[in-house]
Amino acid sequence: MAKIQRLSKIQKIIVSVVAVILALLIAGGAYCISTNQTPVEATKSIFTKNTNQIVGKWQKTDAKGVIAFVFYEDGTYDSYILTANISGEYEIDGRKLILHSPSTSKDLVYKFSVNEKELKLTLAEEDGAVPDEKEESVFEKVDELNQSTLSDLLGNLAEGNSESATEDK
């Protein structure tokens, strides 16, 4: 019969510490997967409130002058599409940004990530419905919004067409 060796007090402490570390790693990994974050983002989010990071002016990088957001410290926001302005309230729930707009009676839920210079938004729900396409929009933090008017866009389009016409000749 094999003799069972008992663990010493120090060995029990070491086994307990290793078990706790493994449990924390597994829980951390599960958290990162469920919130779609890297470990660095997850760690940063523990020490920095997303609400503070999102406050400011954000302009869409590939549609400058067309789409922008302004998030205020009091939980309100303004969104701009050309010269149209939609105002409302926002809340942050983990990695979700929820926009409530009384004027449109719509609630939009975005998955988001934010750092000092860049805001990434992916539409997750529109009035409870999941969109067919989940396109990511990237916004850059700006000091001042540079919104185009509809006539600016039409003028740019007309200039582009006249340049194309002269190149074709």
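Values in this document were obtained by computation on a predicted structure and should not be read as measured data.
A salt bridge links E144 with K57: the distance from a Lys NZ or Arg NE/NH1/NH2 to an Asp or Glu carboxylate oxygen falls below 4.0 Å. Between E126 and K106, at least one side-chain nitrogen of the basic residue sits less than 4.0 Å from a carboxylate oxygen of the acidic one, meeting the salt-bridge criterion.
Between F71 and Y77, the angle of the ring planes lies from 30° to 60°, which puts this pair in the tilted group.
Cluster partners of V15 are absent, since no Ile, Leu, Val, Met, Phe, Trp or Tyr has side-chain heavy atoms less than 4.5 Å from it.
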Checklist entry - Would E136 and K111 count as a side chain to side chain contact (heavy atoms under 4.5 Å, CB included) if you check the C-alpha gap in whole Å, the side-chain angles of each, and the deciding distance to 0.1 Å? => result CA-CA 9 Å; E136 181 178 85; K111 288 186 179 180; over 6 Å; no

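Hydrophobic clustering (ILVMFWY, side-chain heavy atoms < 4.5 Å, transitive): Y110 and V130 are in distinct clusters. By the criterion of side-chain heavy atoms lying less than 4.5 angstrom apart, applied directly or through intervening Ile, Leu, Val, Met, Phe, Trp or Tyr residues, V55 is not grouped with I98; the two fall into different hydrophobic clusters. Note on F112 and V109: separate hydrophobic clusters, where clusters join Ile, Leu, Val, Met, Phe, Trp and Tyr whose side-chain heavy atoms are under 4.5 Å apart, directly or indirectly.
Taking 4.5 Å as the limit, every side-chain heavy atom of V138 sits out of range of all side-chain heavy atoms of D62. Side-chain contact between L145 and Q59 is present, with at least one heavy-atom pair separated by less than 4.5 Å. You'll find the side chain of V114 stays beyond 4.5 Å of the side chain of K120, heavy atoms only. When side chains are defined from C-beta on, L108 counts as touching L123, because their heavy atoms get closer than 4.5 Å. With contacts defined as side-chain heavy-atom distances shorter than 4.5 Å, the pair I86/Y80 does not qualify.
D78 meets the side-chain hydrogen bond (donor to acceptor under 3.5 Å, both in side chains) test with Y72, S87; sequence neighbours excluded.
L99 contributes atom CG, which lies 8.5 Å from atom CG of D107 (distance to the nearest 0.5 angstrom). Atom CD in Q53 sits 9.5 Å away from atom OG in S113 (nearest 0.5 Å). Taking CG from L121 and CD from E135, the interatomic distance works out to 11.5 Å, rounded to the nearest 0.5 Å. A distance of 9.5 Å separates CD in E140 from CH2 in W58, rounded to the nearest 0.5 Å.
Put simply, the side chain of T122 never gets that close to the backbone of K134: no donor and acceptor are under 3.5 Å apart. E118 places no side-chain N or O within 3.5 Å of a backbone atom of N115 that could act as its donor or acceptor partner. For the pair D93 (side chain) and K96 (backbone), a donor-acceptor distance under 3.5 Å is absent.
Atom CG of L22 has more than 12 neighbouring heavy atoms from other residues, nucleotides or ligands inside a 6.0 Å radius.
Between P131 and A124, the shortest heavy-atom distance links the atoms CD-O, 3.2 Å.
Among the candidates L25, V18, L24, the single residue satisfying the side-chain contact (heavy atoms from CB on, under 4.5 Å) test with I21 is L25.
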